[in-house]
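Below you'll find the structure, written out as structure tokens, and then a few comments.
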Amino acid sequence: WIVAERIWSKQSARMVAVTAVLSLLAVHAKPSYSVCLLPAASLLVLLNSTKRRRVDPVMWWVGFVLPTIAALGLQLVLARGQGGIGIAPFEVVQQMLHSRGLSGWWFIPLAAMSLLFPVAVVLIEPGVTRSSSLRLAWLAMLVGLTIFCVFTVTGRRDYGDLLWGPQIGLFVVFVESVRAIIHAATERLRKRPDSRVFDPRTSILSALFALHVMSGVMLWYHEVVTPAAWW
């Protein structure tokens, strides 16, 4: 949220320091997401530069970019000798699906179903795309999905480093999508107090979100009964 909203204006030295610390902690919490977030944020800055919207260079470089690169570099040094990265489009996707008896083509419907709710939010509530945080969330998820589809891990069979990024990215897209529809519904009620909270748009999106929640409950149940079978 800080990267999405606070980099566009001059920030205090304290805010820059807080952002730098959070950037370092984010990498150490889960480097997979920072690998997606850094290029996604750079794309967001590039897209906004065409609209004459500039970032605060101190906040951008000192608060976010350099701490993230430094922490990722340290992680890379510590992981040296534990395998590498190669380019092999859809190799990991096919191997993960084949290990569960599924054709590689299953990736298309599975990805579509996973994205059903956030895609519906963008289509049904197109005004939400003005949100910088939702744009950044989508970009980070798409960067992670691209990494997952294009690269492979060499020297070992653990593909988690490629999978966790888009998984966390999709979770953040869900959070931002829920925030977006709550904000849109609140704005409609503010402008028209006599309108219903659950109008057709909100009802459709709520039903789709409920399907994802049901799937999450099923996954939780199977993880308890047969751990890692669905992973």
| side chain to side chain contact (heavy atoms under 4.5 Å, CB included) evaluation trace for Leu136 with Val172 | CA-CA 10 Å; Leu136 180 59; Val172 177; over 6 Å; no
To the nearest 0.5 Å, what is the distance between [atom1] on [X] and [atom2] on [Y]?
| X | Y | atom1 | atom2 | result |
| --- | --- | --- | --- | --- |
| Ile168 | Lys30 | CD1 | NZ | 6.0 Å |
| Met141 | Leu115 | CE | CG | 4.5 Å |
| Ile147 | Leu163 | CD1 | CG | 12.0 Å |
| Leu22 | Phe64 | CG | CZ | 11.5 Å |
| Leu170 | Phe117 | CG | CZ | 11.0 Å |
| Thr19 | Leu24 | OG1 | CG | 11.0 Å |

| message | With a 3.5 Å distance limit and no angle check, can you tell me whether Gln11 reaches the backbone of Arg6 through a side-chain donor-acceptor pair? | response |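 Yes: the side chain of Gln11 pairs with the backbone of Arg6.
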Same cluster or not: are [X] and [Y] linked, directly or through other Ile, Leu, Val, Met, Phe, Trp or Tyr residues, by side-chain heavy atoms under 4.5 angstrom apart?
| X | Y | answer |
| --- | --- | --- |
| Met214 | Leu208 | yes |
| Met96 | Met113 | yes |
| Ile204 | Leu211 | yes |
| Leu38 | Trp61 | yes |
| Leu25 | Trp1 | no |

| field | Crowding at NE2, His183 (>12 non-hydrogen neighbours, <6.0 Å) | value | no
| Whether over 12 other heavy atoms sit under 6.0 Å from Ile87 CD1 |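 12 or below, so no.
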[Y] and [X], any side-chain heavy atoms less than 4.5 Å apart:
| X | Y | result |
| --- | --- | --- |
| Val153 | Val92 | no |
| Asp56 | Trp8 | no |
| Thr202 | Leu205 | no |
| Trp138 | Val119 | yes |
| Ser42 | Trp60 | yes |
| Leu74 | Val27 | no |
| Lys10 | Met59 | no |
| Ile124 | Ile181 | no |

| message | Before you tell me yes or no, could you show the steps for Ile2 and Met15 under side chain to side chain contact (heavy atoms under 4.5 Å, CB included), namely the whole-Å CA-CA distance, both residues' side-chain angles and the distance that decides it to 0.1 Å? | response | CA-CA 9 Å; Ile2 290 175; Met15 191 66 210; 3.6 Å; yes
Minimum heavy-atom distance between [X] and [Y], given as atom pair plus value:
| X | Y | answer |
| --- | --- | --- |
| Leu145 | Pro166 | N-CB, 3.7 Å |
| Thr68 | Ser23 | OG1-CB, 3.7 Å |
| Cys36 | Gly165 | SG-CA, 3.8 Å |

| For Ala26, all residues meeting side-chain contact (heavy atoms from CB on, under 4.5 Å), sequence neighbours excluded |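 If we apply the side-chain contact (heavy atoms from CB on, under 4.5 Å) test to Ala26, skipping adjacent residues, the hits are Ser34.
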Tabulate below the donor-acceptor pairs under 3.5 Å that side-chain atoms of residues 101-108 make, not counting sequence neighbours, or state none.
from	atom 1	to	atom 2	distance (Å)
Ser103	OG	Trp105	N	3.2

Run the salt bridge (charged side-chain N to carboxylate O under 4.0 Å, His left out) test against [X] and tell me which residues pass, sequence neighbours left out.
| X | value |
| --- | --- |
| Glu187 | Arg190 |
| Arg179 | Glu176 |
| Glu91 | none |

| query | Apart from Trp220 itself, which Ile, Leu, Val, Met, Phe, Trp or Tyr residues share its cluster (side-chain heavy atoms under 4.5 Å, direct or through members)? | reply |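 Taking Ile, Leu, Val, Met, Phe, Trp and Tyr as members, Trp220 shares its hydrophobic cluster with Tyr221, Val224, Val225.
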| task | Test side chain to side chain contact (heavy atoms under 4.5 Å, CB included) on Ser177 and Leu134 and set out the steps. | result | CA-CA 7 Å; Ser177 297; Leu134 182 59; 3.9 Å; yes
| field | Criterion side chain to side chain contact (heavy atoms under 4.5 Å, CB included) on Val45 and Ile7, from CA distance to verdict | value | CA-CA 9 Å; Val45 170; Ile7 62 173; 4.0 Å; yes
| Do the ring planes of His212 and Phe174 sit parallel (below 30°), tilted (30 to 60°) or perpendicular (above 60°)? | perpendicular
